[in-house]
Structure formats: C-alpha cells, structure tokens
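Since the model is a prediction, treat every value here as computed from it, not as a measurement.
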Amino acid sequence: MSVQSFVNKRKKTFIGLAAPLGYVPGLGRGATGFTTRSDIGPARDADDIPEDRHAPPNKKNKQDKEEDDEDLNDANYDEFSGYGGSLCSKDPYDKDDEEADAIYEAVDKRMDEKRKERREEKLKLDIEKFRQERPKIQQQFSDLKRDLASVTVDDWNNLPEVGDARNRKQRVGRMEKFTPVPDSVLARAASQNSMNSTLSEQDQKYGGITTPFGAITPLGSATPSADIDMKKIGQARNTLMDIKLTQVSDSVSGQTVVDPKGYLTDLQSMLPSHGGDINDVKKARLLLKSVRETNPKHPPAWIASARLEEVTGKIQAARNLIMKGCEECPKSEDVWLEAARLMPGDQAKAVVAQAVRQLPQSVRIWSKAADLETELKTKKRVFRKALENIPNSVRLWKQAVELEDEEDARIMLSRAVECCPTSVELWLALARLESYENARKVLNKARESIPTDRQVWITAAKLEEANGNSHMVEKIIERALNSLRANMVEINREHWIKDAEDCEKSGSIHTCQAIIRAVISVGIEEEDRKHTWMEDADSCASHQAYECARAIYAYALSEFPSKKSIWLRAAYFEKNHGSRESLEALLQRAVAHCPKAEVLWLMGAKSKWLAGDVPAARSILALAFQANPNSEEIWLAAVKLESENNEFERARRLLQKARASAPTARVFMKSVKLEWCLGEIRNAEILLEEAVKHYPDFAKLWMMKGQIEEEAGKRDAARDAYNQGLKKCPQAVPLWLLLSKLEESNGQLTRARSILEKARLKNPHTDLLWLEAVKVETRGGLKNIAHTLMAKALQECPNSGILWAESIFMEARPQRKTKCVDALKKCEHNPHVLLAASKLFWCERKISKARDWFNRTVKIDPDLGDAWAYFYKFELAHGEEKHQEEVKQRCISAEPHHGENWCRVSKDIQNWRLKTEEVLPLVSKILTVPT
C-alpha cells in the first residue's frame with residue numbers, strides 16, 4: 001500500500017462538512033453554548049441565510065427521513081425500544097437479556113407479594129386519613145342529599161330564581177362596555193328566535209309544535225317566521241301551574257298537603273338543637289364513623305356516636321347506633337347502660353333485660369334495672385335477683401337494705417355481713433339496728449373480721465358512751481391503738497382528730513376527748529409539741545369542734561402547767577366559746593400555776609365584775625396584790641373597779657397607797673384624772689405639779705395640765721404648759737397638735753402654721769402633722785394651699801392611709817373614684833382608706849357595696865371607733881333595725897379606743913363614765929354624711 005493511499009484511508013470523514021444541528025464547540029471540555037435573540041427572534045427574516053453552525057444538513061438520507069416519519073402514537077410504544085425501535089440497532093435485545101429480565105421480574109413479583117397486604121392496608125389507612133381531613137364534596141353534602149327526600153314538590157317549585165348577585169355599579173359598568181354587532185347578525189337572530197303563535201290539535205295533544213319533518217318540539221321552541229302571542233303563552237303557563245297544583249293536592253279533601261301556617265314551625269323543628277357549627281358536626285360524624293369501621297369492638301366509639309346524634313336532635317339515629325353497638329360489643333356494660341338511657345320506657349327495660357343476660361355479674365346494670373322500675377315491690381324483686389347473681393356486692397346490699405323496713409333490713413344485713421365480711425359499713429349498719437347486747441356482739445365479730453379498721457373501735461366506744469359506760473371509752477380507745485399497731489396499721493393523727501370532730505358532732509363528747517388524749521402526742525417531736533398542739537386547737541375551733549379544742553388545751557396544760565401563753569390562749573378560748581363558769585374555773589387554775597401573770601388575775605376580776613359580783617372581784621384583786629405587791633396594772637385595775645362602782649373614796653385611798661408604794665407616771669396620771677373627773681380641779685393641779693416634777697418627760701401629764709388650763713379659760717397658761725411640755729417631749733405629736741389648735745382657736749392662723757412646720761421639722765415623716773396642716777388650711781378657706789400641702793404630704797408619706805383617705809374627699813366628685821383607686825393601690829389594707837371607699841359608695845347611693853366595704857373596714861381594724869360610728873350611722877339611714885342592732889353589738893364586743901372623732905367624745909371629761917354602747921350613738925351624731 002502506497003503512502004498516499006494510507007493517508008487517504010486515515011482521513012476523517014467529517015472534515016470539511018457542516019456542523020450538525022445544535023453543535024457547540026468545546027462542550028465536552030466545559031464550554032457553554034448560547035443563543036442570542038437574533039438567532040431565534042423576529043429580527044431574523046424567513047429568507048435569511050442561517051449561520052453554518054446552525055444550518056441543517058443539505059441532504060437527508062433515508063434513515064433521517066424514517067426518523068422524521070416516526071409514529072409517536074402510544075400504541076406504537078415499546079418498553080425497551082421506545083417509539084421508533086431500538087436505539088442500539090447494532091446491538092439488539094437478545095435472548096439472554098430477555099431471560100435475565102424475566103428472572104428479575106419474577107423476583108420482584110415474589111418480593112412484592114410479601115409486602116402487598118401490608119402496603120395495601122397502609123395505603124388504605126392513608127386514604128381514609130386523607131378523606132377524614134379533606135372529605136369529598138359528595139361526602140360533605142351526603143346528609144343534605146338525604147334530607148332532599150323530605151322536600152315536597154311545592155318546596156322545589158318555590159326555589160328562587162338565580163339572579164344577578166352583582167351590585168348595581170358592576171352591572172352598569174358591564175352594560176356600558178359593549179361591542180357593536182353587525183345588522184346582519186341581528187336580523188338572523190331575530191328570524192331564528194320568532195315563534196309560531198297557533199297550536200294545532202295534535203300540538204295541544206302532545207304539548208308541543210310539529211316540525212315540517214313530523215317531530216314534536218316542546219312549547220317555546222323556535223319556529224321561523226311566526227309572531228309572538230303573549231296571551232296564549234300566559235294561558236299555557238297557567239294551565240301548567242294548575243296541573244302541578246293538582247298533583248300535590250289531597251285527593252280526598254281537595255286541600256294541599258303542605259300546611260302554609262305550620263310549615264315554618266315544621267322547618268324549625270327540623271333544625272338541630274345543638275349550638276355548634278354544622279361543619280364540625282359533619283367532621284365529628286365522619287371521624288366517629290371511621291373509628292367504628294376501623295374497630296367495631298370499641299365501645300366508646302358507639303357511645304360517642306350515639307351522643308353526637310342525640311345532641312344534634314336525631315334521637316332515633318342515636319338509638320339505632322347504640323343498639324348496633326350493643327350487637328357489636330355485647331360484653332360492655334357502658335354500651336348497655338347508654339342504650340337503656342336512650343330508650344324510652346318499656347324499651348329501656350327490654351334493653352336492660354338483654355344486658356342482664358349478657359352480663360349477669362354487672363352491678364351497674366342491675367342497679368339500672370331497679371331504677372327503671374316504678375313499684376317498690378318490683379324494685380325489691382330486682383335487687384334480690386341481683387343478689388342471687390352477685391352476693392358479694394356491697395353496693396347492691398346497701399341499695400336493697402335502703403328499701404326495707406327496720407326489721408327486714410336487720411335480717412338482710414345479717415345475711416349481708418356473711419356475704420361481705422370485709423365491709424365496715426354493713427357491720428356498722430347492722431350494729432345500729434341491733435340492741436345494746438347484740439350490737440356489742442356484732443362489733444366484736446366485726447373486729448375479728450376487719451382487725452385493721454379504726455371505725456369499728458370508735459363505734460364501740462360511742463356505743464358504750466351512749467349506754468352510760470363512759471369509763472369504758474378510754475379503755476376501748478387504748479385497746480384500739482394497741483390492736484391497730486399490732487396489725488401494722490399506721491396511726492395517722494389527722495385522721496383520728498377528724499374522727500374526734502365527727503364524734504363531737506354526733507354528741508359523743510367523752511369519745512372525742514378520749515381520742516384526742518390518745519393520739520395528740522403521736523408522731524410529734526418533743527420540741528414541737530406546744531406549737532403543734534396550739535395549731536391543732538385553732539384548727540378544731542375553726543371547725544366548730546369546741547370540745548376537741550378544749551381537750552387539746554387541757555392536755556397541753558397538763559404537759560406545760562407553767563406556760564403563761566397556753567393559759568392565756570385557753571382563757572381567751574373559754575371567753576369566746578365557753579361559759580363564764582368555765583372561764584372562771586380555768587382562771588382559778590391558771591393563777592394557781594402562774595401567780596405572777598397579772599393579766600390572768602385581771603381577767604378573773606373582770607369576769608366577776610361583769611357578772612355583778614364586785615366583792616368577788618375585790619377578793620381576786622386582793623390575792624393579786626399579795627402575789628404582785630408592786631404591780632401597776634393591778635393597782636389601776638382596783639382603782640377602776642372602785643370608781644366604776646361609785647366608790648370614789650376607796651379609789652382615792654387606793655391611788656394614794658399606789659403613789660406611796662408603787663409610784664409611776666400612770667398612777668399619777670390616773671390620780672389627776674380622777675380628781676379632774678370629780679370636779680376637784682385644785683387637787684388635780686396640785687397632783688400635776690408634783691407629777692411633772694417627778695416625771696417631766698411624760699407627755700400626757702403636760703397635755704392634761706394644758707387642757708385643764710384651757711378649760712378654765714387660761715389660754716396663756718395653757719400655751720405655757722404646752723410649750724414646757726414640748727421642751728421636755730419634742731417627739732410628742734399630740735402636744736404639737738394641741739398647741740396648734742389652741743393658736744388656731746385664738747385666730748392666730750400664721751402661728752398655727754409655724755407651729756406645725758416646726759413640728760414637722762422635729763418629727764419628719766409624721767402623717768398626723770401633715771394632715772393637721774392640710775386641715776388648718778381647709779378650715780381657713782385656702783383650698784389651693786391645702787391641695788399643695790397634700791401633694792407634698794403624699795410625697796413625704798406615700799403609704800399613709802390617713803392622708804390618702806383625706807385626699808379622696810378633697811377632690812371634686814368626678815375625680816374621687818380615680819383618687820380612691822390610687823389610694824387602694826398604695827394602701828390596700830389600710831382601714832382609713834377602706835373607710836373612705838365605704839363613704840364614697842355611700843355618697844353614690846350604692847348601698848350594698850357600701851355595706852360590704854364597711855364590713856371589710858371593721859374586720860381589718862375593729863379598734864377604729866370612727867369606722868364603727870360611720871357604719872352605725874349608715875345603718876341608721878339605710879338599714880333595718882336588726883342590722884343596726886347587729887352593728888351595735890359587734891362594736892360593744894370590739895371595744896374600740898381609737899379614731900379622731902371617737903376619742904374626741906370618749907375622752908371628753910364629761911363622758912368619762914360612758915360605756916361603748918353609749919359612746920357609739922354620740923359619735924355617730926357628730927359625724928357628717930359624706931356628699
């Protein structure tokens with residue numbers, strides 16, 4: 001072979017040829033081809049010569065022509081060869097490939113059969129879940145389609161025509177936009193829409209028009225070249241309406257079946273009675289249906305479905321569902337009970353009878369069967385039949401016994417405790433019906449059958465107490481604790497104390513006290529005994545179990561006989577919840593164990609004095625003197641006893657002895673006050689001179705000296721007394737207030753201001769001084785200055801209730817409520833603010849709210865006399881007589897001592913012998929009704 005022939009043979013065939021269509025040079029090496037708009041856009045003319053790289057081949061060979069003529073029909077598609085046969089024509093699909101594919105296909109088919117059932121079940125569940133979340137339109141409207149069966153012909157005919165729902169603006173806008181139509185189109189439409197105005201006999205027979213070909217067309221079809229006869233069309237329409245009305249009329253009476261008056265009422269009765277959304281009901285119904293179909297043996301699904309239908313007003317559907325549920329779940333007592341509830345009367349009894357046959361051991365079904373019976377005799381028969389099947393049911397025995405009289409009940413209970421020996425209730429019920437001797441035997445048997453229950457022992461103790469054997473109660477309770485401990489039963493103090501309270505309420509006092517004494521120390525640490533016992537006593541008192549509390553106090557005093565605090569709490573308990581005799585007996589024992597406790601002596605003397613036994617009170621105070629020879633409290637109590645009983649000489653002698661043996665500032669003060677009250681001003685002044693020499697720093701002495709001088713009209717002497725007192729006692733706020741009021745009464749407003757300002761410098765953050773400064777300006781008519789001072793006062797004393805209360809009524813009426821809210825936020829539990837709120841409700845005529853707030857005020861601070869006085873005045877104006885008396889008695893019990901208006905009356909020297917019930921009306925008279 002020559003070199004030229006070899007070169008020609010190695011030469012590539014594509015060299016010199018045009019590039020194929022879509023060829024991109026360098027694409028295999030990462031180059032990117034692109035096409036501009038000039039390649040495909042409208043800028044290129046159809047006859048332009050394309051570029052070489054996009055030019056199609058000049059000549060098509062036979063193979064390309066066959067590819068162009070390729071049939072792309074789906075019927076010509078082959079899984080392996082595609083539409084046009086195999087792409088690998090030189091490497092055809094041979095037998096080996098076909099055999100391999102068959103093997104793989106067999107393996108795939110075999111593997112698919114293993115998982116087919118599980119996959120199909122999973123697919124079915126997914127579809128059901130999807131349908132529950134997004135049901136088909138057909139399912140959503142299935143209940144409405146069922147309801148269409150009850151729609152009458154008239155209802156169908158009365159359906160309104162579909163109108164144009166668009167608003168007028170849309171309609172007008174749509175009508176204004178039109179395109180002109182050629183006249184030829186309008187003429188053709190007019191010729192096609194014309195009608196024949198006459199009907200032949202054949203046309204009338206068949207209700208239509210005969211066409212030229214002999215066919216019948218309905219009335220209203222178009223025939224060319226005819227005029228419209230509107231009169232005959234109206235007559236035909238009336239005839240058709242008469243036919244329809246005849247079809248729905250009653251053939252007997254000639255009246256329509258539909259009652260026009262009751263039709264709307266019937267429609268209302270068809271509405272569901274529930275208040276939920278209809279879509280929610282549909283979803284719930286579909287969900288419950290899915291649950292029932294998925295697990296038909298699930299009782300709650302049937303019950304829920306029935307109750308859903310019951311709520312929506314479909315009671316018959318609910319009954320059908322629940323009966324089907326009874327068939328699917330015959331061993332579920334809940335389904336049977338629901339069916340009995342839904343069924344009426346005798347049908348319910350039939351359902352319960354079926355239930356009893358299916359579940360003869362169900363207590364609830366037997367109880368339901370007895371409830372359905374109306375006659376007592378039948379009820380007893382049902383219960384006896386039930387007890388034959390379930391003899392160990394305590395519930396059935398109890399219900400059966402309740403229907404019997406006493407004798408039959410005792411006989412039945414005798415049998416019941418044999419069948420149910422572990423039921424405490426049955427044993428105790430039998431013991432109550434038996435005589436004393438038989439009851440003891442019954443309880444002994446009960447203790448043998450149930451050795452771990454405390455109620456049997458407690459009942460035995462109550463039985464012995466009821467029959468006069470109180471000495472046996474302690475032994476029974478002790479044996480009970482020992483027996484329970486022997487049977488490994490934990491002794492719970494709280495449970496036993498609760499049982500003791502129950503015993504007290506039932507009248508078994510000895511039993512409750514024995515229980516308290518037996519269990520009060522169980523499980524208590526040595527150092528916690530006192531605190532725990534006091535809490536137990538308070539708890540029993542709050543539960544109105546006073547005998548239990550008394551027993552706890554008695555046991556605590558036996559353990560701690562020298563504890564003054566326990567004696568005091570016991571004494572206050574007896575004072576509030578016991579009798580005078582019990583209080584005096586307790587106080588006698590108390591002073592014997594705590595002779596140095598002055599308050600116990602004074603309580604005993606006061607009790608005797610209130611009872612009218614003055615000699616006994618004197619003897620108690622004499623004994624108190626012996627135990628506490630230099631006690632100021634006992635001296636003053638003796639003086640008060642004598643002065644209150646008009647024994648003024650005795651009181652003077654006692655005070656003289658007290659000043660000699662136990663001189664104190666209070667003793668001197670009481671001596672001066674007694675002389676002042678008796679009108680012996682000279683003696684009072686002599687005693688004051690001596691007192692201020694010995695006790696110059698006791699502010700009350702200076703106050704009394706100034707008031708005596710002021711009462712005598714000696715203003716300069718009074719001013720000097722106050723000034724001397726302030727030099728010795730600059731922290732005495734009442735002294736500053738007295739001096740300021742003295743200057744104000746003299747018309748010296750500026751001097752009163754300066755005194756109060758000086759007092760505030762000496763005693764910063766004192767709300768009483770700020771309050772008096774505000775009142776001075778208010779009384780002087782300078783309201784603007786008063787408001788400014790009040791603002792400063794609230795800045796310095798932001799939590800002062802008395803200032804906030806005053807500021808509320810300084811505001812105008814519209815702003816008072818806002819100010820009251822601010823005050824309550826700052827001082828929520830301050831009695832002055834609560835009193836101001838009560839007065840605010842009063843002036844707004846909100847009677848019930850005012851009464852509630854007055855009650856809150858006196859509960860928070862019962863020692864505030866002004867609150868009681870306002871409350872009493874309010875009840876006098878708006879309350880009944882019983883309310884007035886109730887407030888008065890509560891005030892007497894509280895014995896208030898504080899309050900600006902209260903102290904003004906009660907500490908007036910003219911009213912020194914008035915009691916609380918006499919002071920209350922006087923204070924209420926000087927109060928002004930809030931406006």
Side-chain angles (χ1 to χ4, degrees), residues 636 640 643-644 665-666 669-670 672-674 676-677 684 698-711 718 721-722 725-726 729 731-742 744-745 752 756 759 763 766-776 778-779 800-803 805-806 809 830-836 838-839 854 857-858 860-873 887-888 890-928 930:
L636 295 180
K640 185 176 181 180
S643 62
E644 291 289 341
R666 286 189 67 203
M669 184 191 71
K670 292 293 183 182
V672 173
K673 186 176 180 181
L674 180 61
W676 186 12
C677 293
F698 192 66
K700 287 188 177 182
L701 294 175
W702 295 106
M703 291 166 60
M704 294 176 71
K705 185 175 182 180
Q707 287 173 330
I708 290 174
E709 297 292 350
E710 191 174 351
E711 185 180 298
Y722 292 144
L726 288 172
C729 313
Q731 307 301 323
V733 174
L735 262 178
W736 290 104
L737 296 178
L738 287 172
L739 181 58
S740 171
K741 289 178 180 178
L742 176 63
E744 185 184 0
S745 65
L756 290 173
N763 303 278
T766 305
D767 52 0
L768 289 175
L769 294 174
W770 281 104
L771 178 64
E772 184 61 25
V774 171
K775 288 185 176 181
V776 165
T778 304
R779 289 192 292 264
S800 172
I802 196 168
L803 287 176
E806 183 68 22
F809 287 94
N830 189 277
H832 297 282
V833 175
L834 294 178
L835 178 59
S838 308
K839 291 156 62 178
F854 274 124
T857 307
V858 297
I860 284 181
D861 189 5
D863 197 46
L864 184 60
D866 286 3
W868 288 108
Y870 272 110
F871 196 5
Y872 186 67
K873 191 177 187 69
V887 171
K888 189 174 183 180
R890 289 169 62 188
C891 180
I892 293 171
S893 301
E895 294 183 1
H897 295 92
H898 295 90
E900 181 183 1
N901 297 294
W902 184 272
C903 291
R904 189 191 310 168
V905 174
S906 63
K907 293 191 176 182
D908 189 347
I909 208 66
Q910 305 296 328
N911 304 325
W912 70 284
R913 299 188 65 183
L914 296 183
K915 294 181 172 54
T916 303
E917 60 267 24
E918 298 168 337
V919 174
L920 180 63
L922 294 177
V923 179
S924 64
K925 283 181 181 179
I926 66 172
L927 297 177
T928 57

So how far is it from [X] [atom1] to [Y] [atom2], rounded to the nearest 0.5 Å?
X: Tyr872; Y: Lys925; atom1: OH; atom2: NZ; result: 9.5 Å
X: Cys729; Y: Lys700; atom1: SG; atom2: NZ; result: 12.5 Å
X: Leu674; Y: Lys640; atom1: CG; atom2: NZ; result: 13.5 Å
X: Lys775; Y: Leu768; atom1: NZ; atom2: CG; result: 9.0 Å
X: Thr766; Y: Leu756; atom1: OG1; atom2: CG; result: 11.5 Å
X: His832; Y: Glu806; atom1: NE2; atom2: CD; result: 11.5 Å

Heavy-atom pair of closest approach, residues [X] and [Y]:
X: Leu636; Y: Lys670; answer: CD2-CG, 3.5 Å
X: Trp702; Y: Gly725; answer: CG-CA, 3.4 Å
X: Glu895; Y: Asp863; answer: O-OD1, 3.6 Å
X: Ala732; Y: Leu726; answer: O-CD2, 4.2 Å
X: Asp767; Y: Ser800; answer: OD2-OG, 2.8 Å
X: Leu864; Y: Pro831; answer: CD2-CB, 4.0 Å

For [X], all residues meeting side chain to side chain contact (heavy atoms under 4.5 Å, CB included), sequence neighbours excluded:
X: Arg904; value: Glu900, Asn901, Ile926
X: Leu738; value: Met703, Gln707, Tyr722
X: Gln731; value: Asn763
X: Lys873; value: Trp842, Ser924, Leu927, Val929

Trp902 side chain to Pro896 backbone, donor-acceptor under 3.5 Å: yes
Residue list, side-chain hydrogen bond (donor to acceptor under 3.5 Å, both in side chains) with Lys839, at least two apart or on another chain: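 By the side-chain hydrogen bond (donor to acceptor under 3.5 Å, both in side chains) rule, Lys839 matches no residue at all.
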Is the shortest side-chain heavy-atom distance between [X] and [Y] below 4.5 Å?
X: Glu772; Y: Trp736; result: no
X: Ile892; Y: Trp868; result: no
X: Asn911; Y: Val905; result: yes
X: Ile860; Y: Asn830; result: no
X: Phe854; Y: Leu835; result: yes
X: Glu918; Y: Arg913; result: no
X: Lys741; Y: Glu710; result: no

Residues that Glu709 engages under salt bridge (charged side-chain N to carboxylate O under 4.0 Å, His left out), provided they are two or more places apart: none
Evaluation steps, side-chain contact (heavy atoms from CB on, under 4.5 Å), between Leu922 and Leu914: CA-CA 10 Å; Leu922 294 177; Leu914 296 183; 3.5 Å; yes
